[in-house]
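None of the values given here were measured: they were computed from a predicted structure.
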2 protein chains.
Amino acid sequence: MSTPKTLDRTLLALADPTRRAILQRLSSGEARVTDVAQPFKMSLNAVSKHILVLERAKLVQRRKVGRDHFLSYRAEPLDAAAQWIEQTRHFWGSRLDALEKLLREEDANRS
Amino acid sequence: MSTPKTLDRTLLALADPTRRAILQRLSSGEARVTDVAQPFKMSLNAVSKHILVLERAKLVQRRKVGRDHFLSYRAEPLDAAAQWIEQTRHFWGSRLDALEKLLREEDANRS
DNA sequence: GATATAATCAACCAAAAGGTTGAATATATT
DNA sequence: AATATATTCAACCTTTTGGTTGATTATATC
């Protein structure tokens with residue numbers, strides 16, 4: 001499971017196309033900060049900040065080798081987020097069929 | 001599927017405990033703005049803003065009846081987000097086993 | 001018609017997000 | 001030792017976020 005704050009960090013980190021692209025890049029293996037930044041139009045510093053956000057969310061891990069920082073993708077937070085979403089979908093979506101839900105709403109409106 | 005911007009809005013909307021609590025409340029049926037706001041310590045206006053964020057993400061739908069605005073939970077964006085995450089997990093996580101991934105990384109480091 | 005209720009709008013504020021540039025730090029290379 | 005490279009740190013800027021309070025709009029109720 002994931003605490004609310006952890007979930008916040010994970011979802012927030014994923015709610016940005018640049019950061020998702022970075023993760024995608026890392027999903028096929030380790031890369032240095034400069035390499036990760038290369039495809040983007042923004043500055044290296046901007047990418048460095050995005051990486052920090054991903055690190056805070058534990059979606060990215062850093063391994064320093066000399067002046068190079070090797071970044072790698074960690075799947076656990078995504079797993080946790082998926083678990084939360086699936087669980088949520090189950091409880092909010094499928095548990096009630098359409099009729100049941102309708103009845104509940106009518107009941108609520110009556111009060 | 002969901003466009004990047006749609007996904008951004010969905011994930012951003014979900015990345016806040018207040019908004020998740022609002023959705024949870026609505027998952028058991030329609031409710032008016034005031035009713036939704038009641039359990040929170042913050043002002044009605046603050047909650048109203050959160051609802052707007054959820055509406056922009058299409059996670060909440062509004063039905064006006066007189067002066068009352070009835071809010072309801074819509075599952076589609078969550079479904080789309082879940083789909084994205086599952087697909088992503090599949091391609092980034094499980095496709096390669098540990099050995100394959102290691103080999104790829106060694107190859108990358110060699111360059 | 002007067003008043004109460006449901007909700008937004010508007011202005012403001014502080015903090016965070018996302019970007020910039022320039023300086024600093026640490027490590028390699030010559 | 002001098003220089004180049006990899007990266008962060010620091011300061012700054014603009015926009016967004018998350019909250020406030022006070023006014024406004026629309027609808028019910030007495």
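Among the candidates A:R62, A:R63, A:R25, the single residue satisfying the salt bridge (Lys or Arg N to Asp or Glu O under 4.0 Å) test with A:E30 is A:R63.
The CH2 atom of B:W92 sits 10.0 Å away from the OG atom of A:S28 when rounded to the nearest 0.5 Å.
Atom-to-atom, CG of A:L52 to C1' of C:dG19 comes out at 15 Å; the value is rounded to the nearest Å. When the C1' atom of D:dT7 is taken as reference, atom NE2 of A:H50 falls 17 Å away, rounded to whole Å. Between the CG atom of A:L44 and the P atom of D:dT8 there is a distance of 7 Å, given to the nearest Å. Whole-Å rounding puts the A:D68 CG to D:dT7 C1' distance at 9 Å. Note: CZ (A:R63) to P (D:dA6) measures 16 Å, nearest angstrom. One can place NZ of B:K64 at 12 Å from C1' of C:dA6, the figure rounded to the nearest angstrom. The distance between atom CZ of A:R32 and atom P of D:dT8, rounded to the nearest whole Å, is 12 Å. Across the protein-nucleic acid pair, A:F70 atom CZ and D:dA6 atom P stand 11 Å apart, rounded to whole Å.
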Check against side-chain contact (heavy atoms from CB on, under 4.5 Å), A:R19 and A:V53: CA-CA 8 Å; A:R19 287 192 291 263; A:V53 174; 3.8 Å; yes
For A:D35 and A:R32, run salt bridge (charged side-chain N to carboxylate O under 4.0 Å, His left out): C-alpha distance rounded to whole Å, both residues' side-chain angles, the deciding distance at 0.1 Å, then the answer. CA-CA 5 Å; A:D35 299 334; A:R32 298 174 314 145; 3.0 Å; yes
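In this structure a side-chain-to-backbone donor-acceptor pair under 3.5 Å is missing from B:S48 to B:L44.
Between A:H69 and D:dT8 there is a side-chain N or O to OP1 or OP2 distance below 4.0 Å. Look at A:S48 and you'll find a side-chain N or O under 4.0 angstrom from OP1 or OP2 of D:dT8.
A donor N or O paired with an acceptor N or O is not found under 3.5 Å between the base of D:dT7 and the side-chain atoms of A:R67. Contact of A:N45 with C:dG22 (side chain to base): a donor-acceptor pair of N or O atoms is detected under 3.5 Å.
An angle of 10°, rounded to 10°, separates the two end axes of the helix from C:dG1-D:dC30 to C:dT30-D:dA1, each defined over five pairs.
No path of Ile, Leu, Val, Met, Phe, Trp and Tyr side chains, each step under 4.5 Å between heavy atoms, connects B:L71 with B:L52, placing them in separate hydrophobic clusters.
Annotation for B:L23 and B:L59: closest pair CD2-O, 3.9 Å, computed over non-hydrogen atoms.
Judged by the 6.0 Å and 45° rule, B:R20 forms a cation-pi pair with A:W84.
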Please list each protein N or O that sits under 3.5 Å from an N or O in nucleotides 11-17 of chain D, with the distance.
none

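Within the 4.5 Å cutoff, no side-chain heavy atoms of A:F70 are placed close to those of A:V33.
Of the candidate nucleotides D:dG19, C:dA7, D:dT7, D:dG19 has the atom lying nearest to any side-chain atom of B:M42.
Where B:V65 and A:D35 meet DNA chain D, the nucleotide closest to each residue was compared, and A:D35 sits on the side nearer the 5' end.
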